[in-house]
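One structure below.
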Amino acid sequence: MAFRQERVDTSPKVFDEIKNTTCYMCACRCGIRVHLLNGQVRYIEGNPDHPVNKGVLCGKGSSGIMQHLSPARLSNPLKRVGPRGSGEFEEISWDEAMELATGWLDNCRRTDPRRLAFFTGRDQSQSVTAMWASKFGTPNHAAHGGFCSVNMAAAGLYTIGGSFWEFGEPDWEHTRYFMMFGVAEDHDSNPIKTGLGQLKGREDAKFVSINPVRTGYSAIADEWIGIRPGTDGLFVLALVHELLKSQNVDLDYLVRYSNAPWLVREEPGHPEHGLFLRDEDGNPLAWERENNAPVNALLPDISPALAGTFEMPDGVKARPAFELMANRYLDASYSAENVAERTGVSAETTRRVAAELAHAAFEQEIELEVEWTDWAGRKHDRMIGRPVAMHAMRGISAHSNGFHTCRAIHLLQMLLGSIDCPGGFRYKPPFPRPCPPGPKPAGKPGEVKPMEPMPGPPLGFTTGPEDLLVDENGNPCRIDKGFSWEHPVSSHGLMHMVIHNAWAADPYPIDTLFLYMANMAWNSSMNTKGTLDMLTDIDPETGEYRIPHIIYSDAYASETSYYADLVLPDTTYLERWDCISLLDRPISSAHGPSDSIRQPVVQPDRNVRPFQDVLIDLGARLGLPGFVNEEGAPKYPGGYADYMVNHERAPGLGPLAGWRGEDGESFGRGAPNPDQLQKYIENGGFWHHDLPKSQQYYKHANRDYLEFAEYMGFIPRAEQVVMQIYSEPLQRFRLAAEGHGDVQPPDDLRERVKTYFDPLPIWYQPIEESMVSLDEYPIHAITQRPMAMYHSWGSQNAWLRQIHGYNRLCMHRDLAQEIGVGDDDWVYVESHNGRIKCQVKTMTGVERGTVWTWNAIGKRRGAWNLDKDSAEGEKGFLLNHLISELLPAGSGGRRMSNSDPVTGQAAWFDLRVRITRADDKDKRSEPVFEPLQRLPGALDRPKDLRFGEEFLPEGSWRRRQS
Ligand code: SF4
């Protein structure tokens, strides 16, 4: 018998060069080391020195190779020559593409800059895109936060000056009780995984997951609480009830760090009812128990009352915010028994979890022998910690009650005294910031003029009716109706409403829709079929599309490419400069601030340009202030890399904090350093500053940290950040709805504003759920992100497709039995907006009244340069078809957006459905669309997409025998 013999080389040469850059296979921004052989990407590993992932690389990160080599990559600028959606394009030069884009944009700018709506998806350059929009003069700009997790961000920033993920993290080292509410696995992916690994390795720590579905992180929780979707806020407020009732609340912490003692005016009907009483200098007042008199609540060493009703010298009555809060949640309606039916969590479980929280916080107190100085200059010889930490993301955010639920979670953390202390939730610099931080959004009437920049950024933080972007009749100024009476605190805009409102010319028509990296003709839109109709709808009066021009930039031939008039092909993340900036979406840890870069590790082999280079070029061609110098020449002729080094937001403050100053010796502030990028490259692609131990906790009240934060430009002044259990900005909106003040809501929105702008966290039934018949639609339907995928990018990746090539509708076995289906059976799923067909997978780790599926696996057949018969198109499906961007008509016939009424967050997870067995013979998911044809210039699409074979020695039996 003859054996094949091959000499095994145990140390093959796998690279001849390594370049450090930042992963972009999900939102975490881990450091990676890209191994190159003969100038080609050979291998990707995690950067062991990087502060985000410390060498850990996930499956997505490794699969970046196939993202970089994807046949879906666009290769040339494209101009539409056939009807929208037909895929009829011609390849054009970049000169022609830029002239076309500049012409449309210039026309908008000269006539009415609002005619441009510029929205970006999951891009990581939002400080430059926002600046560009502001200099262009349009308020119609946002990134994807409005349909992702603005509730989480806004509620945190208005409550504690920070939030989860990019804003803060659990103290993994010391936490003993960790609660995770809902989640999206593509946010904070590797850091959470390594943190959970740390917790699971300790016997004294418990991980409790509250999630209708037991997958992903929940699968390794010590306790899984399969809550009903949209009821987390009620469960949290029941925990608050139990803690208040058992007096397990850290009153000292609340007095020192929150507005619990601030006096709230009690004078119903008065224009300032419910606002804080203030002294002549505007300081809030508290009631000093020692001398029984009002006192400036911001003074140190006072002993303010937390309960009681107090009469001021002028006769005005007031009560501390704490008392209002405690009275509210001590009400029996929040008892564990009374919320059990709605939440699906037994009273016994709620009470036990409350007791466990109290035990961890107060019986397992931590002391670190670290001296620190508080904001008032008082020295402390140790740091006291309450080892309870929490985390939440999109699972909580994507409900129409998500803002208040996120506020409730932060309230719970405050009551336990566990924010930024050892063992608790910890801020990541540049957070905490004042609650809320600045700036205010620009774009009011009079602030938008042809050929002029706006006086500020299009997004910001409103603190009362006078900050809204509305006209004198209360009508919205923005195309997405952000910062209007419909959603006054929409800090991230409402991307999910842009196409609908532009199509409906409500509040006005636009000319050009400019999208970057947002697959809005498919998985990033609600009501996908309706959205396609809107994109292709022709105005009979003009004979033009109702949205006349669509410019789209992406690296890949997504479904949205087919609906653009002009496609600007972007590079892959391994072919570009990028800046993960502290001015933008920071990657710091609780130990200190960090930022990082991407560098081109390989050069593009197609006729593509990095989007940020293109944007900067467009800015120069249009002559936008900030993008041209005094002579009118391009200010950043070197593109984004030039901008990253030389742009200054304020003197000395630029996109990158490391190696500033002409000699590169300073950080945080300093003149631009021409060698800055080289320094980043030499340091592995990132900069990190470890805070001294004395600054690592209590950052909201830590004098040395606050002074550092002021120096770095994180906060305007080194003043204590006071956490807000009671939110005065919300009360200001409510007062307006009650008829007070000059800026008034339209009458048909008064009740809505009064209801939802409660200064204390509230729970209400998710709005869609309250408007549809629950007999007709008895089942909750939600989506999740798998760990192995990052939105539609991941589901075309040759390696990752092998993990999730199609999705199923997952349901509890009991529910499946009721419906009369089993594994692999086909079902119809119907909502008030439509019907889909898909296949079933049964399981037990899911709340019985809830079905779920992975998001963004289903693809339009033929898109992404995939075969039209690929599983993603045949068996993959989207719930998006079922979710409407509009709620059912209310009593006045008006249809409001399907959003959180405070922030405008898209309420993806409020969906209610009914499910029936599908017995027809066609075994394909529905709706079925015509396959898309390949775009001109589409790359070769080999039948088997292989990688690595070319690196094997000639004659190796492992090479394909072809
Ligand atoms: S967690 Fe995200 S950023 Fe980190 S390696 Fe994985 S895909 Fe890349």
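Numbers here simply count residues along the sequence, with the first being 1. Only this structure's heavy atoms are used, side chains among them; waters, hydrogens and symmetry mates stay out. Counting starts at 1 for both ligands and their atoms, in listed order.
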Measure from the ring center of [X] to the ring center of [Y] and say whether it is less than 6.0 Å.
| X | Y | value |
| --- | --- | --- |
| Trp687 | Tyr680 | no |
| His50 | Phe686 | yes |
| His391 | Phe181 | no |
| Phe164 | His410 | yes |

Worksheet item: How many angstroms lie between CD in Glu17 and CZ in Phe15, if you round to the nearest 0.5 Å?
Response: 10.5 Å
Check ligand 1 against [X] and write out every atom of the ligand that is under 4.0 Å from a heavy-atom position of the residue.
| X | value |
| --- | --- |
| Arg29 | 3 (S) |
| Cys58 | 1 (S), 5 (S), 6 (Fe), 7 (S) |
| Ser189 | 1 (S) |
| Lys60 | 7 (S) |

Worksheet item: Does even one non-hydrogen atom of Leu57 get within less than 4.0 Å of ligand 1?
Response: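 Leu57: in contact with ligand 1 (<4.0 Å).
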Discussion item. Within 45 degrees of the ring normal and closer than 6.0 Å to the centroid, is that where the cationic atom of Lys859 sits relative to Trp864?
Written reply: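 Yes, Lys859 and Trp864 form such a contact.
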Practice prompt. List the closest protein heavy-atom neighbour of atom 5 (S) of ligand 1: residue, atom name, distance to the nearest 0.1 Å.
Written response: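 Of every protein heavy atom, Asn190 ND2, 3.5 Å lies nearest to atom 5 (S) of ligand 1.
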Worksheet item: Do you see an N/O/S atom of Cys30, backbone or side chain, under 2.8 Å from atom 4 (Fe) of ligand 1?
Response: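 Yes - counting backbone and side chain alike, Cys30 has an N, O or S atom under 2.8 Å.
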Item to complete: Confirm or rule out an N/O/S atom of Cys23, from backbone or side chain, lying less than 2.8 Å from atom 8 (Fe) of ligand 1.
Response: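 Yes.
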Practice prompt. May I ask you to check whether Cys26 brings an N, O or S atom to under 2.8 Å from atom 2 (Fe) of ligand 1?
Written response: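 So Cys26 counts as coordinating atom 2 (Fe) of ligand 1, yes.
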Item to complete: Check whether more than 12 heavy atoms from other residues, nucleotides or ligands sit under 6.0 Å from atom CG of Asp605, and answer yes or no.
Response: yes
